[in-house]
Amino acid sequence: MSKILRGTLLITGANYLSKILGILYVIPFEALVGGTAFSLFSFAYTPYTILISISTMGIPLAMSKFVSKYNTLGDYQTGRRMFRLAIKVMMITGILAFLLLFFSAEFIAKIAISGEGTNFPYSVDQVSFVIKMVSFALLIIPAMSIVRGFFQGYGSMGPSAVSTVMEQIVRIIFLLGSVFLLLKVFDGTITNAIGMATFATFVGALGSLFVLGYFWKVRKPYLDQQLHAQKVKTRHFDSKQMFKELISYAGPFVLVGLATPVYQLIDQLTFPRAMSAIGMGEDHVGLAYSVIVILGHKLVIIPVTLATGLSLALLPVITSSFTAQKRDLYIQQINQALQIIMLIIIPAGVGLSILGYEAYGTFYGIDKYSEFTGQLLSWYAPVSLFFGLFTVSASILQGINRQNFALISLSVGVVIKLVLNMPFIFLFEAKGAIFATGLAVFTASFLNVWKIKRTTEMPFRALYKRTLLILIFTAVMALVVLLVKWLLSSFIFMEDNRFSSIMITFISAGIGGYLYLWLCFKSTLLERVLGSRANKLKRIFI
């Protein structure tokens, strides 16, 4: 099994579990605080995510590349020196980011929701409070993420995977427990409850840090053994030279990490005003915003989790092949990465789009706004392909030392989103924000893939042929899902409630997913993309 596929499966499995937990907790959380409260919740996370990306400066993934590069050259000492220096720097940037977000919270809130005609259901003080509460996580996460990047540079994805899951579990336990106590026992306010929910990010980070500390203690003897057995002469870089190289890798990663939160920030600054300008009331503005930024986004991002895991596994492997000048190998690795994205995300996005109403009802319940929210999710689902493709293509550019091009592609995407967001909202209402995001991410992804092809001169014939086959199988799957959905909703689960949504969603998705995988397996597409491991599915499809 290839390193890319093994690492992808490990990281993706952990990320999927984390995302599933992140969706499941929303059910009791929404029951406690109500649907529109998620708009307040989301206002805290957009600036926080941006500052997390900036405060880490993309260094965790750059650390992965740096360590992988010098390990390939046999110089383990240089990677260890960089690790020690980066930890210190990340502690400083984390403190600075915390101070910046904490003391600018009121300013951010005023820009986003103050002014006449903004039908947002919460005040500046409330938004400012939840932003301050989430800012504490910035004290820990930058330094913690360096440890993950160091392990990934060795091709070891276990510490990142386990710590990611632990972070989510601890966060959810604290979040639900504190919100329940505040609202049901101490009769607190929704604002205080949302504040504690955002503070749970800090508590979850503490749990993750504990796990990483355990892995470091267990694996340090092995890492030290490699260090002492080093035969290559250590490069005598001073700290300035080392950081110069690291930051040259890190800069584009900042932008890749900023892509989604920047699009969401544009929505945060323009969506309430634009929706209010076309006559939407407070309920529609708050609910539509929470669907696009938090609730619907949580579902759409599930297929993209594959891309995140793939990009983490891909970077050290391609970097190693590129550093060793093994052209045939890194071209094969790039091809495999792009094909995995197409294989998984295209059918997942189409399926979620077809089952938008039912999927939203499954996780968030059925109410008078369900048709509206389900429709938004259906439009948003296909954008997952572009998010995934952008993440992976940017990681490939990093691996082949063309990371600076990510500056150009992301800038083009942000300009498109910024220019088109309000006009599209005026034309298409809430869907306009989704259309603007989709067009922006598609353009950025297309530019990245174009640059990869131009740089590597990689033949795309196999990718085109297999993508066409994937589209055909996805079309067959879509027809079957539509048919099953119609039969179930017309003759069996005719009541419009959460139970009906759950049954329709899981039965339709199960039948459609099985058919798609069966077609991929029988046509040998799975084996060609995933390798011999696909043969383990024989017992399922025979």
Side-chain angles (χ1 to χ4, degrees), residues 16-39 41-42 168-169 172-173 175-177 179-180 183-184 190 193 197 283-284 286-303 305 347-382 384 430 477-517:
Y16 264 120
L17 180 56
S18 179
K19 296 296 182 186
I20 290 170
L21 290 172
I23 291 172
L24 293 178
Y25 91 85
V26 170
I27 298 172
F29 185 44
E30 185 194 26
L32 288 169
V33 302
T36 56
F38 276 96
S39 56
F41 189 70
S42 63
Q168 186 73 296
I169 291 172
I172 291 171
I173 291 172
L175 183 152
L176 293 177
V179 170
F180 178 83
L183 295 179
K184 302 300 183 182
I190 287 291
D283 286 345
H284 274 84
L287 191 57
Y289 181 79
S290 63
V291 169
I292 293 172
V293 177
I294 290 288
L295 300 179
H297 188 73
K298 279 181 175 290
L299 297 176
V300 169
I301 215 70
I302 289 178
T305 302
V350 171
L352 184 58
S353 182
I354 294 172
L355 297 169
Y357 175 86
E358 290 77 14
Y360 197 91
T362 294
F363 291 101
Y364 307 126
I366 300 292
D367 57 28
K368 62 181 179 179
Y369 297 111
S370 293
E371 187 173 347
F372 172 67
T373 54
Q375 185 185 57
L376 287 180
L377 178 59
S378 292
W379 283 108
Y380 199 6
S384 62
M477 178 205 75
L479 291 174
V480 171
V481 170
L482 283 169
L483 177 61
V484 173
K485 173 184 170 181
W486 176 76
L487 290 172
L488 292 174
S489 58
S490 298
F491 300 105
I492 301 176
F493 304 109
M494 292 179 284
E495 274 192 58
D496 196 12
N497 54 36
R498 174 174 272 182
F499 176 76
S500 298
S501 294
I502 292 171
M503 297 307 295
I504 293 171
T505 298
F506 283 97
I507 294 174
S508 301
I511 293 173
Y514 181 88
L515 174 64
Y516 173 78
L517 289 174

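Hydrogens, waters and symmetry mates are skipped; everything else that's a heavy atom, side chains included, is used. Source: prediction; values computed, not measured.
Residues V484 and I504 form no side-chain contact, since every pair of their non-hydrogen atoms from C-beta on lies 4.5 Å or further apart.
For Y380, the side chain to side chain donor-acceptor pair (under 3.5 Å) partners at least two apart in sequence or on another chain are H297. Scored by the side-chain contact (heavy atoms from CB on, under 4.5 Å) test, A478 finds V350, I354 as partners (sequence neighbours excluded). Remark: Y357 engages no residue in a ring-ring contact (aromatic ring centres under 6.0 Å, His included) (not counting sequence neighbours). Under the side chain to side chain donor-acceptor pair (under 3.5 Å) criterion, T373 pairs with no residue at all, not counting sequence neighbours. Residues satisfying the side-chain contact (heavy atoms from CB on, under 4.5 Å) test with L487, not counting sequence neighbours, are L483, F491. For T362, the side chain to side chain donor-acceptor pair (under 3.5 Å) partners at least two apart in sequence or on another chain are T505. With sequence neighbours left out, L479 forms a side-chain contact (heavy atoms from CB on, under 4.5 Å) with no residue at all. The side-chain contact (heavy atoms from CB on, under 4.5 Å) check on S500 picks up F493, E495, N497, with sequence neighbours excluded.
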If you apply the rule side chain to side chain contact (heavy atoms under 4.5 Å, CB included), what do you find for S384 with L352, and how did you get there?
CA-CA 10 Å; S384 62; L352 184 58; over 6 Å; no

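A donor-acceptor pair under 3.5 Å links the side-chain atoms of S378 to the main chain of G374, judged by distance alone.
Screening residues 348-359 for salt bridge (charged side-chain N to carboxylate O under 4.0 Å, His left out), with sequence neighbours left out, gives E358-K485.
In this structure, L515 CG and I511 CD1 are separated by 9.5 Å, a value rounded to the nearest 0.5 Å. Note that CG of L376 is 11.0 Å distant from CD of E371, once rounded to the nearest 0.5 Å. Separation of atoms CG (L355) and CZ (F506) is listed at 10.5 Å; rounding is to 0.5 Å.
Taking each heavy atom of L377 and A359 in turn, the nearest pair found is CD2-CB, 4.2 Å. Listed here is the closest heavy atom pair of A381 and G349: CB-O, 3.5 Å.
Exactly one of L176, V179, L175 qualifies for a side chain to side chain contact (heavy atoms under 4.5 Å, CB included) with P28. That residue is L176.
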